[in-house]
Amino acid sequence: MRVLVVSDVHANLPALDAVLAAAPPVDAIWHLGDVVGYGPDPDEVIERLRDVGAVGVRGNHDAAAVGGDEIEWFNPDARRAMEWTRERIGPATLAWLRALPTVLTIGDFTLVHGSPRDPLWEYVLSRDVAEANLAVLTTPYGLHGHTHMPIVWRVLHHRVQGREGEAGTSVELGGAPSLLNPGSVGQPRDGIPTSSFLILDTVAATATWQRVAYDVGTVQERMRAVALPKRLIDRLTFGI
Ligand code: ZN
């Protein structure tokens, strides 16, 4: 089985469409939350994900969009964008977001937004946090997003190590338990402005990161038109 894994689409339709066009033929599409927030196309992104049959989990922005008090923890720009999102989204989007689970287990894979032990909020950014989460993982592989950084955390030479998921690189599935982060589709933060995603191939037993460019200018124009915060618009240019 081949699976496209996307995360942190953040209401960026041109980015999602570029990923769907660039990905090889797949049997399933999994998303790791933060489908909305920051970007200008929340309804359109969810319509697209529904059309392609994507399944996945709830992120902190998705929880805030359906009225959760997660919004209290947002920085001022994220909060402004979330207030806009709440006003903008329609009933079909709300229903779709409300139905997302916080954890989803599919075969050997556990899907979460943040981390296995704190699915909505924890950022896996350090060896210690990765180690603690690998210890509570109940399947061989954990798929997570939230940091917007493509990376794999796994035990190598008896210690947990992180390795950046550079475009075109793969890791073998079948060895040590791993936490795999596909990076972000709609708001990359690793200094590369192109959309990042992951392809799982359960027959070849590989997970491969890929990147694709999308029309950043179009999204920025749409964000400007609805007066989303300037800092959120500018960062897309640099992938930060
Ligand atoms: Zn996010």
Under 3.5 Å donor-acceptor, Thr194 side chain and Ala213 backbone: no
Quick one: does Arg211's side chain get under 4.5 Å of Asp190's, heavy atoms only? yes
Tell me whether the rings of His10 and His148 are parallel (<30°), tilted (30 to 60°) or perpendicular (>60°). tilted
Among Asp41, Val9, Val35, Asp17, the one residue meeting side chain to side chain contact (heavy atoms under 4.5 Å, CB included) with Arg48: Asp17
Quick one: does Trp30's side chain get under 4.5 Å of Leu104's, heavy atoms only? no
Can you find a pair of side-chain heavy atoms, one from Asp34 and one from Ser7, that are under 4.5 Å apart? no
Closest non-hydrogen atom pair between Leu4 and Ile199, with its separation: CD1-CD1, 3.9 Å
If you compare all heavy atoms of Pro24 against all heavy atoms of Gln210, which two are closest, and at what distance to 0.1 Å? CD-NE2, 4.3 Å
Please report the interatomic distance CD1(Ile89) to CH2(Trp96), rounded to the nearest 0.5 Å. 11.5 Å
Any side-chain heavy-atom pair from Ile29 and Phe197 closer than 4.5 angstrom? no
Contact check, side chains of Leu180 and Trp209, non-hydrogen atoms, under 4.5 Å: yes
Where Tyr141 and Ala176 come nearest, the two heavy atoms and their spacing: CE2-O, 4.3 Å
Pair Thr169-Glu164, side-chain donor/acceptor within less than 3.5 Å: no
Minimum side-chain heavy-atom gap Arg88-Val36 below 4.5 Å: no
Shortest non-hydrogen contact from Val136 to Pro116? CG2-CB, 4.1 Å
Ignoring hydrogens, what is the shortest heavy-atom contact between Ala15 and Gly186? Give both atom names and the distance. CB-CA, 4.2 Å
Look at atom CD of Gln161 and say whether more than 12 heavy atoms of other residues, nucleotides or ligands are closer to it than 6.0 Å. yes
When the ring planes of His146 and Trp121 are compared, do they come out parallel, tilted or perpendicular, using 30° and 60° as the limits? perpendicular
Using a 4.5 Å cut-off on heavy atoms from C-beta on, say whether the side chain of Thr110 contacts that of Val103. yes
Looking only at side-chain N and O atoms, does Glu122 offer a donor or acceptor that is under 3.5 Å from a partner on Asn133? yes
With no hydrogens and no angle check, do the side chains of Gln187 and Arg189 hold a donor and an acceptor under 3.5 Å apart? yes
Least distance between heavy atoms, Arg79 atom then Ile71 atom: NH1-O, 3.7 Å
Is there side-chain contact between Val129 and Ser115, with at least one heavy-atom pair below 4.5 Å? no
For Thr93 and Asp43, test the side chains for any donor-to-acceptor distance below 3.5 angstrom and give the result as yes or no. yes
